[in-house]
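Data block below; observations after.
Bear in mind the structure is a predicted one, so any value in this text is a computation, not a measurement. Just so you know, these numbers use all the heavy atoms, side chains as well, and skip hydrogens, waters and symmetry mates.
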Amino acid sequence: MELDERKKKILQAVIRNYLETGEPVGSRTISKYTDLNLSSATIRNEMADLEEMGYIFQPHTSAGRIPSDKGYRLYVDAMMADKEREVVEMKEMLVQRQDKMETLLKQVARVLAQNTQYATMISAPQTKRSKLKFIQLSRVEANQLLAVIVIEGNVIKNNILSVQEELSDETLLKLNILLNTHLNGLSIDEINLAMIAFMKQQAGIHSAIVSEVIDAVAEAIRAEEDLEIYTSGTNNIFRYPELADQQKASELINTFEEKQLLGELLQEAHGEGEETGIQVYIGAETQVQSMKDCSVVTATYELGGGMKGTIGIIGPKRMDYDKVVGTLRMIQNQLDTLYGQEGADE
């Protein structure tokens with residue numbers, strides 16, 4: 001007997017309902033949970049066929065059906081194949097997009113430095129608060145699990161977790177459902193202790209795995225929220241006598257090379273520029289000691305989907321503010337137009 005599409009959907013409905021409730025599943029329940037629009041009698045016949053094929057069984061007379069090991073195996077294999085395909089497609093798309101993004105931002109920094117004759121910096125776009133999209137646990141070896149974590153922006157992180165004993169397909173499936181039901185759509189700030197305690201209680205003897213996955217999620221989100229900064233034109237500093245003093249120039253160049261202070265400056269500008277998009281810092285207003293003799297002009301750019309970054313131009317206090325602000329406005333518009341069109345094409 002062939003397992004056609006209708007039988008597969010009914011089997012999936014039986015398994016999902018059983019995983020949620022722990023109770024045997026009857027035909028009337030399935031008729032409410034599927035989009036097949038079939039009568040209870042038709043579903044009973046299909047379930048009888050599934051039982052004959054060994055995918056479900058009746059634990060005792062007059063009860064509904066529960067999945068067999070064979071049924072779980074089919075369900076898990078199909079689910080894993082779908083997830084693997086989705087992850088592979090995402091990775092291929094993201095590698096191309098990441099390469100394009102990095103190349104573009106480096107080019108923007110270089111062109112700005114050439115056009116203005118000042119030093120420039122630009123941060124890669126970030127979401128304001130990254131959120132978890134989904135988690136997929138799968139077996140690598142008997143005592144190892146692979147946790148695939150997908151966060152907003154379709155960023156994928158892989159983590160290998162060690163386990164004390166090999167987990168059954170049913171246990172893996174229940175852990176996947178538990179984690180995704182409670183964590184999907186949350187930022188790290190929204191995952192509280194009460195929620196973690198409840199999930200660990202639900203996981204029972206496998207509570208340690210829940211803890212490890214949450215730690216991996218936190219690490220993935222925080223890593224994604226670290227700023228990536230591209231710079232260009234640092235040698236332009238020497239064009240201006242008031243900045244060309246050996247000590248001043250050395251401190252400025254060190255700031256550009258280490259980038260930590262640049263990151264703090266760009267994050268501050270990102271927050272203050274929410275409304276206008278353009279901020280001007282003169283001298284000590286930057287709160288970066290090495291830039292006390294400089295002016296810094298920043299602009300926030302947006303690529304849609306909450307993804308934002310910041311562009312900065314650093315020069316002497318006597319910089320051509322009109323030209324710098326006009327150039328940043330133009331770059332803002334070009335990035336918005338470029339990625340707006342790309343989003344529409346997709």
Main chain of [Y], side chain of [X]: is a donor-acceptor contact present, judged purely on distance under 3.5 Å?
X: Asn17; Y: Val25; answer: no
X: Thr171; Y: Leu167; answer: no
X: Thr181; Y: Leu178; answer: no
X: Ser250; Y: Gln246; answer: no
X: Asn176; Y: Leu172; answer: yes
X: Glu285; Y: Ile282; answer: yes
X: Asn143; Y: Gln164; answer: yes
X: Tyr118; Y: Asp320; answer: yes
X: Ser207; Y: Ala203; answer: no
X: Thr310; Y: Thr300; answer: no

Is the closest side-chain heavy-atom distance between [X] and [Y] below 4.5 Å?
X: Leu145; Y: Val140; result: no
X: Ile209; Y: Val163; result: yes
X: Val280; Y: Thr298; result: no
X: Phe256; Y: Ile229; result: no
X: Ile311; Y: Tyr230; result: no
X: Asn236; Y: Ile314; result: no
X: Leu11; Y: Ile56; result: yes
X: Leu50; Y: Ile10; result: yes

Could you check whether [Y] and [X], counting side-chain N and O atoms only, form a donor-acceptor pair closer than 3.5 Å?
X: Arg139; Y: Gln144; value: no
X: Ser232; Y: Thr120; value: no
X: Tyr321; Y: Ser295; value: yes

Heavy-atom pair of closest approach, residues [X] and [Y]:
X: Lys323; Y: Asn115; answer: NZ-O, 2.7 Å
X: Ile122; Y: Ala109; answer: CG2-CB, 4.0 Å
X: Leu243; Y: Asp293; answer: CD2-O, 3.6 Å
X: Pro67; Y: Ile15; answer: CG-CG1, 3.6 Å

Between [atom1] of [X] and [atom2] of [Y], what distance do you get to the nearest 0.5 Å?
X: His206; Y: Ser211; atom1: NE2; atom2: OG; value: 13.5 Å
X: Leu146; Y: Leu161; atom1: CG; atom2: CG; value: 8.0 Å
X: Lys106; Y: Thr231; atom1: NZ; atom2: OG1; value: 10.0 Å
X: Leu137; Y: Ile149; atom1: CG; atom2: CD1; value: 8.5 Å
X: His182; Y: Met199; atom1: NE2; atom2: CE; value: 6.0 Å
X: Ser27; Y: Leu38; atom1: OG; atom2: CG; value: 11.0 Å

Ion pair check, Lys174 and Glu170, cut-off under 4.0 Å
yes
Short N-O contact, Glu242 and Arg318, less than 4.0 angstrom
yes
Quick one: side-chain contact (heavy atoms from CB on, under 4.5 Å) partners of Asn45, sequence neighbours excluded?
none
Return the set of residues passing side-chain contact (heavy atoms from CB on, under 4.5 Å) with Lys292 (not counting sequence neighbours), or none when no residue passes.
Gln289
Just do the side-chain contact (heavy atoms from CB on, under 4.5 Å) check on Met195 and Leu183 with the steps written out, would you?
CA-CA 9 Å; Met195 183 185 301; Leu183 300 180; 4.1 Å; yes
For Ser290 and Asn254, what are the C-alpha separation, side-chain angles and deciding distance, and is it a side-chain contact (heavy atoms from CB on, under 4.5 Å)?
CA-CA 9 Å; Ser290 61; Asn254 285 339; over 6 Å; no
Check step by step if side-chain contact (heavy atoms from CB on, under 4.5 Å) holds for Tyr281 and Gln279.
CA-CA 7 Å; Tyr281 301 88; Gln279 292 292 312; 3.7 Å; yes
So Tyr72 and Tyr18, would you call those rings parallel, tilted or perpendicular, with 30° and 60° as cut-offs?
tilted
Stepwise ring-ring contact (aromatic ring centres under 6.0 Å, His included) check, Tyr55 with Tyr75
CA-CA 10 Å; Tyr55 290 107; Tyr75 180 78; over 10 Å; no
May I ask whether Phe198 and Ile177 are part of the same hydrophobic cluster, defined by side-chain heavy atoms of I, L, V, M, F, W, Y residues being less than 4.5 angstrom apart, directly or through others?
no
Let me check something: do Met319 and Val111 share a hydrophobic cluster, defined by ILVMFWY side-chain heavy atoms less than 4.5 Å apart, either directly or through other members?
no
Would you say that more than 12 heavy atoms from the other residues, nucleotides or ligands in this model lie under 6.0 Å from the CG of Asp322, or not?
no
Could you work out, with salt bridge (charged side-chain N to carboxylate O under 4.0 Å, His left out) as the rule, every residue matching Lys200, not counting sequence neighbours?
none
side-chain contact (heavy atoms from CB on, under 4.5 Å) between Leu132 and Leu186: does it pass, once the steps are laid out?
CA-CA 6 Å; Leu132 180 70; Leu186 299 183; 5.7 Å; no
